Amino acid sequence: MKREDCIFCKLANGEIPANTIYEDEDFRVILDANPASEGHALILPKEHYANIYELDDTVASKVFPLARKLACVMTKTLGCDGFNILQNNGEVAGQTVFHFHMHLIPRYKKAPNNQGFLLWKERGLSPEEIGTICEKLTRQMQ
Ligand code: AMP
Ligand code: ZN
């Protein structure tokens with residue numbers, strides 16, 4: 001389903017022009033309008049899923065092979081030195097557009113904004129606390 005009020009639905013389906021670098025039946029890949037680096041791109045499914053919790057399994061199974069292919073081609077073409085793949089879910093996690101998307105962010109050794117880029121502070125959990133979380137999650141995955 002597409003949503004009338006969703007800008008990424010419109011971009012993914014070609015209703016609003018975008019800098020498209022790849023398109024197939026399921027996805028459009030565009031350059032981010034406010035890029036974190038040269039070549040920062042977004043994989044957008046053509047159907048609307050607000051986030052990873054809603055994402056269809058078949059679509060999900062196609063996202064990473066596509067991300068891998070793009071990372072290889074973009075690295076070769078742009079000459080970047082590394083690559084981040086990022087996907088935010090929920091406001092607290094930094095999501096600002098509520099249509100599932102995957103960020104492809106080429107990284108350059110010589111970029112001026114490398115300091116602190118995509119870093120988080122360590123939470124400082126004890127081995128016991130980590131163990132408790134591990135048990136809780138393992139139980140649910142069985
Ligand atoms: P997120 O914070 O993970 O939801 O990422 C949203 C991303 O979409 C940001 O990097 C924005 O710069 C980008 N963005 C928002 N609107 C547009 C647009 N019209 N065209 C291209 N990128 C966009
Ligand atoms: Zn949408």
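The first residue in the sequence is number 1, and the count goes up from there. On a predicted model such as this, the values are computed, not experimentally measured, just so you know.
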> Side chains of Asn88 and Leu86: closer than 4.5 Å at any heavy-atom pair?
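Yes, side chains in contact.
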> Let me confirm one number: the CE-CG distance from Met141 to Leu137, rounded to the nearest 0.5 Å.
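Separation between the atoms: 8.5 Å.
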> Verify whether the ring centers belonging to His101 and His103 lie closer than 6.0 Å.
yes
> When you measure from the side chain of Gln95 to the backbone of Glu91, do you find a donor-acceptor pair of N or O atoms at a distance under 3.5 Å?
no
> Tell me whether the count of non-hydrogen atoms from other residues, nucleotides or ligands lying under 6.0 Å of CG in Asp57 goes above 12.
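It does not: Asp57 CG has 12 such atoms or fewer within range.
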> Which heavy atom of Pro35 sits nearest a heavy atom of Asp32, and at what distance?
CD-O, 3.4 Å
> To the closest 0.5 Å, what do you measure between CD1 (Ile130) and CZ (Arg123)?
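Here the interatomic distance stands at 10.5 Å.
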> Scan the side chains in residues 8-21 for donor-acceptor partners under 3.5 Å anywhere in the protein, sequence neighbours excluded, and list what turns up.
{"residue": "Lys10", "atom": "NZ", "partner": "Glu4", "partner atom": "O", "Å": "2.3"}
{"residue": "Asn13", "atom": "ND2", "partner": "Cys9", "partner atom": "O", "Å": "2.7"}
{"residue": "Asn13", "atom": "ND2", "partner": "Lys46", "partner atom": "O", "Å": "2.9"}
{"residue": "Thr20", "atom": "OG1", "partner": "Arg28", "partner atom": "NH1", "Å": "2.8"}

> Where do Met102 and Ile85 land on the side chain to side chain contact (heavy atoms under 4.5 Å, CB included) test, with the steps shown first?
CA-CA 7 Å; Met102 188 172 270; Ile85 294 191; 3.7 Å; yes
> Got a second to check how far Gln87's CD is from Leu104's CG, nearest 0.5 Å?
11.0 Å
> Check whether any side-chain N or O of Thr77 sits under 3.5 Å from a backbone N or O of Met74 as a donor-acceptor pair, and report yes or no.
no
> Could you tell me whether a side-chain N or O of Tyr108 sits under 3.5 Å from a main-chain N or O of Gly79, the two making a donor and an acceptor?
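No, because the side chain of Tyr108 does not come within donor-acceptor range (under 3.5 Å) of the backbone of Gly79.
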> Answer yes or no: is there a side-chain heavy-atom contact under 4.5 Å between Ile30 and Tyr22?
no
> Tell me whether Val59 is reachable from Tyr53 by hopping between hydrophobic residues (I, L, V, M, F, W, Y) whose side-chain heavy atoms are closer than 4.5 Å.
yes
> Looking only at non-hydrogen atoms, find the nearest pair between Gly39 and Leu31 and report the distance.
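Between these two residues, the closest heavy atoms are O-CD2, 3.7 Å.
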> Check the pair Tyr49 / Asn51 against side-chain hydrogen bond (donor to acceptor under 3.5 Å, both in side chains), numbers first and verdict last.
CA-CA 6 Å; Tyr49 310 99; Asn51 48 41; over 6 Å; no
> For Ile43 and Leu70: C-alpha separation, side-chain torsions, deciding distance, then whether side chain to side chain contact (heavy atoms under 4.5 Å, CB included) applies.
CA-CA 10 Å; Ile43 299 179; Leu70 283 153; 4.1 Å; yes
> So His48 and Cys6, do their side chains get closer than 4.5 Å, heavy atoms only?
yes
> CD of Glu47 to NE2 of His99: how many Å apart, nearest 0.5 Å?
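The NE2 atom of His99 is 8.5 Å from CD of Glu47, to the nearest 0.5 Å.
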> List the steps and the verdict of side chain to side chain contact (heavy atoms under 4.5 Å, CB included) for Leu44 and Phe100.
CA-CA 7 Å; Leu44 310 178; Phe100 176 94; over 6 Å; no
> Do any N or O atoms from the side chain of Thr75 and from the backbone of Cys80 form a donor-acceptor pair under 3.5 angstrom?
no
> Would you kindly say whether Glu129 and Ser126 are connected by a side-chain donor-acceptor distance under 3.5 Å?
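The answer is yes; a qualifying pair exists.
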> Return yes when atom NZ of Lys2 has more than 12 non-hydrogen atoms of other residues, nucleotides or ligands closer than 6.0 Å, and no otherwise.
yes
> When clusters are formed by joining ILVMFWY residues with side-chain heavy atoms under 4.5 Å apart, either directly or through shared neighbours, do Val73 and Ile105 land in the same one?
no
> Rounded to the nearest 0.5 Å, how far does CZ of Phe98 lie from CD1 of Ile7?
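Answer rounded to 0.5 Å: 14.0 Å.
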> Quick one, Leu66 and Val29 - any side-chain contact, counting heavy atoms below 4.5 Å?
yes
> Using 0.5 Å steps for rounding, measure from the CG atom of Asn113 to the CZ atom of Arg107.
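The CG atom of Asn113 sits 7.5 Å away from the CZ atom of Arg107.
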